[in-house]
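These notes are about the structure you will find just below.
All values below were derived from every heavy atom in this structure, side-chain atoms included, with hydrogens, water molecules and symmetry-related copies excluded. Labels below follow one simple rule: chain letters A, B, ... track the order of the sequence lines, proteins then strands, and each chain is numbered from 1.
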2 protein chains.
Amino acid sequence: MSEQISDSHHEILDAAAKCFMKLGVNAASVDDIAHSLGSTKGRIYHHFASRGALLGAVRLQAPEFTRRAVAPVMDDNLSPSQNFHNMALTHIAAVFETLPYHKVVLQHYTGLEGKSATESDRAMEARIRDAKRGYEDLFRSVIHAGMQSGEFRCQNLSVTLHSVLILLNAPVFWYSPRPDEPQGFTAQVARQLADMGLAALI
Amino acid sequence: MSEQISDSHHEILDAAAKCFMKLGVNAASVDDIAHSLGSTKGRIYHHFASRGALLGAVRLQAPEFTRRAVAPVMDDNLSPSQNFHNMALTHIAAVFETLPYHKVVLQHYTGLEGKSATESDRAMEARIRDAKRGYEDLFRSVIHAGMQSGEFRCQNLSVTLHSVLILLNAPVFWYSPRPDEPQGFTAQVARQLADMGLAALI
DNA sequence: ACAGGTACATACCGCGTGGTATGTTAGAAA
DNA sequence: TTTCTAACATACCACGCGGTATGTACCTGT
């Protein structure tokens, strides 16, 4: 299961994520991405079967980044409140560190599905959906535990889960790194959002 | 200032909003929209100067819909908590009723700006930005009042505002009307989200 | 009846884009 | 040295899309 991919592969992924973020998922052309690398289309089509495959690879990275960060800090011995707060803080920090990938994912939340053409396209879509859902289940379990223990309000679990996750992902919408940014701004935002997320559950 | 537009105008706007929502803002072509109307491009280009102008008109409708619903229920005599809760409930209900428009707006939150070509394009962008900001200021004022009265936690106002608004708009991401939907589901979701939004402020 | 304008339909053009087929170069293997 | 292959660059094509120029039915006032 170890992802055996070359350096050039990663370099293309990063450049694609940034281009998709800046120009928009549909607007950014393969030529744009290649030009941002100082290369041509040949390089990209040598490593990726199609434009869709490249975009899928970028979208798949996002939940893997956050999962690799959040899964290790989960601790079932903690109270659901503390557990959630730790997870939320770690999640937001990870999002800030891999922002372009998450901004790309954001553009696919609108539900423009249903136009799956090739078989490999649908397979990639399924992989992305599973990775996303598997990561969400980490939060689903801790929220469920909190509701059963009485720490969190008992409400529709799915609605609560998605709403809180969107709240934690809010910076993906409005944040872009600025040079005149106060020291430790992102950490401060992360704390505020983790607090708000926890408060929204209680 | 009275918007003097014909029925055909509105019909095109609705069809465009639904097409932009279903196929994606960049993917939906003018021909797609015309076809969904049983017409051809000629009709659309007769009423709108360009594809961008049509998209801009759709995006401009969204904050006007919510403003027309929320502004009348604001009441400075109420406590900030009650005032916010009423506004939030009304906002979410309005969003549910004009969902396609808000799903289109969502696709422009990603910050793919900076490619303004023509002068009229930038003017439209400014109108949209002002309408959006003006509407957000309704919530900004009530949150500010709550922070000053001590009812709400004192935190970064802009971060709080945007985070709460994204929380209230969360259904735009995951909700699509379904035939097997429980009776009064949207109203229940609206109550839950308004509660969560208020809890996140305290 | 006639003129003029409104509200579209039709046909067409130019351009950008995804994709491909064909070089070209550098390094490893023999 | 020779050969093979990975890793690209280059040139090109076919297609879809935005936009426009033109045609046409219908309605309205005179």
Interatomic distance, [X] [atom1] vs [N] [atom2] [rounded to whole Å]:
X	N	atom1	atom2	value
A/Asn26	C/dG18	CG	P	10 Å
B/Leu54	D/dC17	CG	P	16 Å
B/Phe48	D/dG19	CZ	P	13 Å
A/Asp121	C/dG18	CG	C1'	13 Å
A/Asp31	D/dC12	CG	C1'	13 Å
A/Glu11	D/dA7	CD	C1'	13 Å
B/Asp7	C/dT6	CG	P	18 Å
A/Tyr45	C/dT20	OH	P	8 Å

Shortest non-hydrogen separation from A/Ala53 to A/Met124 and the atoms involved: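 Where A/Ala53 meets A/Met124 most closely, the heavy atoms are O-CE, 4.2 Å.
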Establish, with yes or no, whether the OP1 or OP2 oxygen of [N] is under 4.0 angstrom from a side-chain nitrogen or oxygen of [X].
X	N	result
A/His47	D/dA6	no
B/His46	C/dC8	no
B/Ser8	C/dC8	yes

Salt bridge or not between [X] and [Y]? Use side-chain N to carboxylate O under 4.0 Å.
X	Y	result
B/Arg43	B/Glu11	yes
B/Asp130	B/Arg127	no
A/Arg59	A/Glu125	yes

Interface with DNA chain D, restricted to residues 32-44 of chain A and to heavy atoms under 4.0 Å: A/Ser39, A/Thr40, A/Gly42, A/Arg43
Side chain to side chain contact (heavy atoms under 4.5 Å, CB included) between B/Ile202 and B/Glu151, intermediate numbers included: CA-CA 7 Å; B/Ile202 298 177; B/Glu151 288 185 45; over 6 Å; no
Whether A/His9 and A/Phe48 hold their rings parallel, tilted or perpendicular, with breakpoints at 30° and 60°: tilted
Any B/Lys132 side-chain heavy atom under 4.5 Å of B/Val105 side chain: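 When only atoms from C-beta onward are counted, B/Val105 and B/Lys132 do not touch, as no gap falls below 4.5 Å.
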